Amino acid sequence: MSGRWWALVAVSLATFATYLDNNVVNVALPTIQRDLALTISGLEWIVSAYILVFAGLLLAGGRLADVFGPRAAFFGGLAVFTLASVAAGLAGSQETLIAARAVQGLGAALVTPSTLALLPRIFPDPRERATAVGVWSAVGALALAIGPLTGGFLSENAHWSWIFLINLPIGLVAAAIGLRSIRVERAAPGRVRLDLPGLATSALALFALTYALIEGQARGWTSAPILGAFAVFAVAAVAFLVVETRTAQPMIDLTLFRERVFSGGLLAMGLWSFGVFGIYFFTALYLQSALGFSPTEAGAGFVPMALLMAVIASVSPRIAERFGNAGTVAAGLGLMAVAIGGLSSAGEGSHYGDLLPWFLLYGAGAGLLVPLTNVVLNAMPPARAGVASGVLNVSREVFGLLGITILGAILAARQSAVGGAPLHAFLDAYRFTLLIAAAIVLVGVPVSIYSLRRTRAAAAEPAEPGEPAVAEPVA
């Protein structure tokens, strides 16, 4: 196996670890609470601290990768993430664990955009790059799906600290392979400014929005802290836009959002994330509340879907090459919408076997979205690959949180309106919420067909070493 494929192994391992920590801790929370005598607030912040810092600093991490080079950002972020994971595993108090989770989020915010920025430089050939992005996406999807299973298994059969300490061997192996195989040059020659006002305002806006989405349900959407967070987000977002239009070297060239491929691609990716996060969260509740699954069994229930998603993700670039990006992505979102609608037929007498076909259909649809990553990345200039991947991941995280919060609000309102036996009310609300989710995801079909029409991967030789070819419209 050549050096660049070993580099893909290193990048994929780091991605696996950071994506795993999005949800590996959830099912272990009761065990951690008993061991550390956590308050309810502390329990919530163990989950929230990671997501808050991760989402809040993704754009900043992407820009740092552009300025200092994706290789430096990758290894720096990997070191921070791995050391923070060890600190989390060894934590003996609530405060230490929450702080370590926040630092994990900082490391992940450097690693995630730098991995996507590295792939075009490691794989200048468009076909190889498409395959590499497919593998990268498959690994991320697999990590998200097996997170609950991993957390449940380790908390039930070993000490909870291993859900964090497992990142140490993964990080060391990724670093060892990466140091030998990742050989890329810094992209932009000349003097590059960091755009500190843009970094600060983007981070503040994303911190405030993420906090409001995480805490809104618990604190109340009209409470002072949540309304204040939304106000801070609005002010910081406007300030960011003003800064970006007036600086000589902005983090993001805002004119790119006028391009249908870029803006439409981000919206389609956001709708994908809306569906993925929503279905994991609420169907996990259904499996445990209605079917009596343990946390580990509920996590295992998603594994067939994740495996099929990973397989389809690895071959979807070839499917897109044959049928086009627009058709492939639209078909993927369409299959996801049909699967979510099919899951709404689940009832009190349903069994896992009744759900499995819809899970598999959902996994197949989600796997077809991989070409979208290439399209969005290629819409940005090569020197801004880090920010492009940061924008892409911000879209995923924010829409994923929207999926949980919006669908959660709908489910809670419907459950209260129905009344009656708790299980009956939950099932009615669950089915109703899934139909709403299916309709929202279905919006992505016309969005994809319009925004991605007549795009293909450029057949190409890169103009400069290490620069990716750009997706071009077909005449």
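Note that the structure is predicted; figures quoted are calculated from it, not measured. FYI, side chains are in, hydrogens and waters are out, and symmetry mates aren't considered; it's all heavy atoms of this structure.
Between the side chain of Thr210 and the backbone N or O of Phe207 there is no donor-acceptor pair closer than 3.5 Å. In this structure a side-chain-to-backbone donor-acceptor pair under 3.5 Å is present from Ser316 to Ala313.
At a threshold of 4.5 Å between non-hydrogen side-chain atoms, the residues Val370 and Trp136 do not count as touching. Looking at Ser12 and Val135, their side chains come closer than 4.5 Å, going by heavy atoms from C-beta outward. Contact annotation: the side chain of Leu8 approaches that of Phe123 to within less than 4.5 Å [non-hydrogen atoms, C-beta and beyond]. At least one side-chain heavy atom of Ile163 sits less than 4.5 Å from a side-chain heavy atom of Ile32. Between Val447 and Leu333 there is no side-chain heavy-atom pair separated by less than 4.5 Å. Within the 4.5 Å cutoff, the side chain of Gln104 has no heavy atoms near those of the Val53 side chain. Put simply, the side chain of Trp358 does not reach to within 4.5 Å of the side chain of Ile340, judged on heavy atoms. Considering only heavy atoms from C-beta on, Phe74 stays 4.5 Å or farther from Leu110 through its side chain.
Taking the six-membered ring where the residue is Trp, Tyr211 and Trp45 present parallel rings, their angle staying beneath 30° rather than reaching 60°. Ring geometry for Trp160 versus Phe164: interplanar angle over 60°, hence perpendicular rather than tilted (30 to 60°).
Ala88 approaches Leu97 most closely through the heavy-atom pair O-CD1, 3.5 Å. Minimum heavy-atom separation, Gly171 to Thr82: CA-OG1, 3.7 Å. The two residues Ala438 and Gly341 come nearest to each other via the heavy atoms CB-N, 3.9 Å. Taking both residues in full, the closest heavy atoms of Val232 and Ala208 are given as CG1-CB, 3.8 Å, listed atom of the first, atom of the second, then distance. Heavy atoms only, all atoms of each residue included: Pro317 and Gly134 are closest at CG-CA, 4.4 Å. The two residues Tyr430 and Leu411 make their nearest non-hydrogen contact at CA-CD1, 4.0 Å.
One finds the OG atom of Ser114 at 9.5 Å from the CG atom of Leu119 (value rounded to the nearest 0.5 Å). Atom CZ of Phe399 is separated from atom CH2 of Trp272 by 13.0 Å, given to the nearest 0.5 angstrom. Note that the CG atom of Asn325 and the CG atom of Leu372 stand 8.5 Å from one another [nearest 0.5 Å]. To the nearest 0.5 Å, the span separating CZ on Arg71 from CD1 on Ile122 amounts to 10.0 Å. Going from atom OG1 of Thr283 over to atom OH of Tyr362 covers 8.5 Å, rounded to the nearest 0.5 Å. With rounding to the nearest 0.5 Å, the separation of CG in Leu90 from OG in Ser85 is 10.5 Å.
For residues 82-106, the set of pairs meeting the salt bridge (charged side-chain N to carboxylate O under 4.0 Å, His left out) definition, not counting sequence neighbours, comprises Asp21-Arg101.
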